[in-house]
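Reading through the structure tokens given below for one structure.
All values derive from a computational prediction rather than experimental measurement. Values reported hereafter were calculated over all heavy atoms of this structure, with side chains retained and with hydrogens, waters and symmetry mates removed. All residue numbers refer to positions in the sequence shown, counting from 1. Atoms within each ligand, like the ligands themselves, are counted from 1 in listed order.
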Amino acid sequence: MKPADTFRLTPGKRVLFLTKDPDLIRRQLAGELDLRMADLGLDDLLDDINTDAMTPAWVCFSHRPEDIARDAYAGLIVDGKRLFEKDALIDGNFEVIVSGHRKGVGSSRETAVQAEKWSGIRLAVAASFAPIHAGNNINQGVMMGDHAMLSRLQAGEGIPLDEFCQGHDPITQLVIRHGGLFPFSKAFAAGEIDLPKPDTGPRPMTMAEKILASKTLGEGKKYVKPDDAVVVRVDGGYSHEFTTAQVHYFLEQEYGADYKVQNPERFAVFEDHLIYADEVPKMRVFSGKIETLRQLQREFQRHTGVRDFSAKGGVSPGICHEVAREELIEPGDFIQATDSHTCMGGVNNALAWGVGTTEYAALAHAGFTQVEVPESIRFELSGKLVAGVTAKDVMLYILLHYAKPEATLNRVMEFTGPGVAALSMDERATLTNMATECAARTAIVIADDETFRWIAEWRPGTDVERLREKAVAPDPGAEYAGGIHAIDLSAIKPMVAHPGDPDHGIPSDPTNGELVEALGQVPIEIAYGGSCTAGKIDDLVFYHQVVKEAVDAGLKVAPGVKFLIQCGSMAVEEFVHEHGLDKAFEQAGVTLIRPGCGACIGCGPGVSDTADQVTISAINRNYKGRSGPGKLWLASPLTVAASAFTGRITAYRPGMFSETAVPA
Ligand code: SF4
């Protein structure tokens, strides 16, 4: 529905303030308290509300938004209990929801917005929004405002729609004015909208700008600059069993049962996220819903003819982002997929980012999408990582020093410089994978001979010259609003991100970086190596390097510790067996898990069972509750493996176990 020209609060409807003090939330939900903006300061409001808290994984097992809304904020757990009981947000009769900084960080799941919208929320107020979450709000027709606007609304003022459009590009403004993406797309298809034409003249461009310029619809050579609104061709994309059912549902609703998608040969579906959910006792109750999601994905695949990466014999071919870089993504591509770690595809010198199901459905149907050209930030890498340090440590360093102060926010992170050549493609993929934890739009790595060699090795018959022609590099003089930052890889030390203390206002966040050498004794019970970030061939080689050294020194995994390793794809698993890595794993007492997601999303072996359990994990996010109720520390594959043998968080040093070797 098109929004009115002036936004006003509806008499009788309420405003919910998400405060750091959980008791204030409880009292608002119970109808005992109605707050006003004037009663609170920004510091009183919850920051970094992540989408896992808004709609935890199990809530997304339903694909109808009206069902999802019933469990809005089910992941906000205080003292082991849900702060929002079932139907709490719907029953509270709220139309505005208020929080602090960086609302909607984490997974790109659009269900987070759907949970609010189908509970009656018309306006989300925050100091800042994570980029993908903000896009999902716009696509769903939920207004976004700041705290000053709320003060005016609560004082009885009406706010013109124009103010909600301010700061957005002209096409996004049209989406807001039409009340969301589908109404906008239909008006566009009906010829009711004239899109503004960008008129940016020749200028030096970043890698991201070059890719977007080359995909912009229309004749002739084009140039773009940040904030330009352009309609661009999409080269490919993918969804997984967690999201496809909703894409299918939305497409049928909007375009009828005989809808079509463009270029199905460059789109794909994956079965990876929920493949081992049955192995988590808490998830077994959702088996029926998960099976429905799988069936709806198969129905979508048969209907559209997109590439099929379904499980075979109950085993996933791999995590979508890992397989996509192995099999699908080429330099210079513009890729969109329904998952926040789509950014990992930037390792292949492509521009790739995650979108919500509404946006994905619309672009798969049309073959193009609208984009506001993002700003960029560049990291010029030099030197070489020292022994015991990996690309994961580089990202934990960048998260602490650049993402925390928001230098990467909504920008494309470009990795260039001679240090890139010193990193393998798998290590470069760790850099791009964690762009979403930086709240960046995405990341992209400059291409070199290794990029083309690696792609050709994975895809025999590849025409390398064609890839070379498609690759992009930044122009001399390209502008980086976030600056150009030199990082000497040889100066990086092993790092962790601590789990915070969310019950007391310290979010569990990947930006909680600390040097391992500065930690005291942190005993662990679970060590997990896997996920799209850390389930690649090189990661498995890292785990093996430590495990082999430990086994050779007569050690096994420390008493009381479970060490689980999960391959990112079937091809990675084959590598492990072909090269005999599994032998040392077995000798050490490591549990090797079949490919797929799993513990990373709370849906597989390796999740914690109790709040007091401590996990050291090579995954990319440490949000409370995501991988079980315990405390989760993020670290590199080397640190995870070393900690599994010492029983406490420990950085790996080559030869560390021979110092304490058990005599044969
Ligand atoms: S491994 Fe984790 S972060 Fe990666 S795609 Fe799967 S659930 Fe998402």
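For a distance threshold of 2.8 Å, the protein N, O or S atoms nearer than that to atom 6 (Fe) of ligand 1, listed by chain and number, are Cys597 SG.
Listed by chain and residue number, Lys536 satisfy the salt bridge (charged side-chain N to carboxylate O under 4.0 Å, His left out) test with Asp539 (two or more places apart in sequence, or in another chain).
Within the 4.0 Å heavy-atom criterion, the part of Asn620 lying near ligand 1 is the side chain and not the backbone.
Between Asp582 and His577, the side chains place a donor N or O and an acceptor N or O closer than 3.5 Å (distance only, hydrogens not considered).
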_Pair Arg294-Glu291, salt bridge (Lys or Arg N to Asp or Glu O under 4.0 Å): steps then yes or no_ = CA-CA 5 Å; Arg294 289 184 187 129; Glu291 191 47 38; 3.1 Å; yes

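A salt bridge is absent between Glu525 and Lys562: the closest approach of a Lys/Arg side-chain nitrogen to an acidic carboxylate oxygen does not fall below 4.0 angstrom. With salt bridges taken as basic N to acidic carboxylate O contacts below 4.0 Å, one links Arg82 and Asp71. With respect to the salt-bridge test (charged N to carboxylate O, under 4.0 angstrom), the residues Arg266 and Asp333 qualify. We find that Lys624 and Asp501 are not joined by a salt bridge, their nearest charged nitrogen and carboxylate oxygen being 4.0 Å or further apart.
Heavy-atom separations between Arg626 and ligand 1 include at least one value shorter than 4.0 Å.
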